[in-house]
Amino acid sequence: MRKFLQRLFSSWIIRMSNKFGSRPDRARIHNALSKLYKTINQEPGKRGLIFEITDADKFIILSDQHKGARDYADDFTLAEKNYLKALEHYNQHDFHYINLGDSEELWENLLESVIRHNKDTFEAEKTFIAKNRFTKIFGNHDLYWDNDPLAGFNLNRIYGKKIPIYEGAILRMKMEVRQFDIFLTHGHQGDLQSDGNWFSKWFVSTIWAPLQAYLQINPNTPAYDNQLKTAHNAMMYSWIAEQQNMALITGHTHQPVFASLTHLERIYVKIKYAKKNKNTDELAFLNEELHKRIREEDKPPRLGKYKPWYFNSGCCCFSDGDITGIEIENGFIRLIKWSYHKNAKPERVLLEEMKLSDLFKAI
């Protein structure tokens, strides 16, 4: 019966989840991001940290693990091995780990259950704390860390110390005579379904989680997403496009975005240039890749000249077990994924990269 219901309802449930799981409001998003950025600058350490960085600094930015109770509603289950291997790698290479929110799924689960079933991941995160290389930012599904009076007590239970929790961070870098900021936050601010909405939390915990557990459905599509930007990502981009000397990195939408483009959008852009340069071999390859990802009736999107200032780390709970994140290292910013490859072992895969100097020149 379960398999029959899976076949019958999976597509519809995923479609409805994508449609109604987010209600971004452009004005609220713009106001919230502007307010947070201003607050961090005026009172560093209150709502977020400011890191003065150089090319020698290394950061890994991961978000949206949604660690649960290892039941069928736990989207993190398949991704745990990739996540642990990734943390092992970044700890060995002295990266600073910025956890960009929704690390714990506290809409669907009691905290005690999450703690009990995620001891290995918390131990892996503690290795960064021991080196003073861990920054934890809250999202909408783990808002508990910001607003519950017992949060500090439970952080001490998990990590052995009461670590601070922030709403955002700024990586500040000087190049020649100019100062550039990379602003980081989870990205739920301004989303009417997520920004303190009690009904959404009730619906997820009472209706969605039991249904997902029974049908065993993970709505997160594979890591290198084949969609155009979600409305929420587009609104995040619209805010950063109005700023100066700044780039933005968020999570929340579970959709990887690099330099303001998703994978599918990047294919359309490459096709345009291949046609312009009359590169028939490249064009044939790109068209083949495109038709793997679209339906016959899909029309090409209207892609303007995007400023490459917006990035999204994706998530660590894709249905194929992959995780994605943003690396900053040796003067580069990169979109990476950790995926099961040969012998089913986790492996780091480079998806996109660009020099920070090129990013800042574009800004």
With sequence neighbours excluded, tell me which residues meet ring-ring contact (aromatic ring centres under 6.0 Å, His included) with [X].
X    : value
Y310 : none
H96  : F51, F59
F311 : F258

With a 4.5 Å cut-off on side-chain heavy atoms, are [Y] and [X] touching?
X    : Y    : result
D146 : E167 : no
K272 : K276 : no
E105 : D74  : no

For side-chain contact (heavy atoms from CB on, under 4.5 Å), just list the numbers for N312 and T262, CA-CA rounded to whole Å, side-chain angles, deciding distance to a tenth of an Å, and then say yes or no. CA-CA 9 Å; N312 192 296; T262 67; over 6 Å; no
For F285, is the NZ or CZ atom of K270 found under 6.0 angstrom from the centre of its six-membered ring and inside 45 degrees of the ring axis? no
Tell me, please, which residues at least two apart from [X] pass side-chain hydrogen bond (donor to acceptor under 3.5 Å, both in side chains).
X    : result
Q42  : none
N99  : Q65, Y97, S103
N41  : R172
Y273 : none

For the [atom1] atom on [X], are there more than 12 heavy atoms of other groups (residues, nucleotides or ligands in this structure) within a distance under 6.0 Å?
X    : atom1 : result
N132 : CG    : no
Q92  : CD    : yes
K131 : NZ    : yes

Just to verify, what does [X] make a salt bridge (Lys or Arg N to Asp or Glu O under 4.0 Å) with, not counting sequence neighbours?
X    : value
E288 : none
R116 : none
E52  : none
K136 : E104

So which atom in H66 and which in F76 form the shortest heavy-atom distance, rounded to 0.1 Å? O-CB, 3.8 Å
In residues 354-361, what donor-acceptor pairs under 3.5 Å come from side-chain atoms, sequence neighbours left out?
none

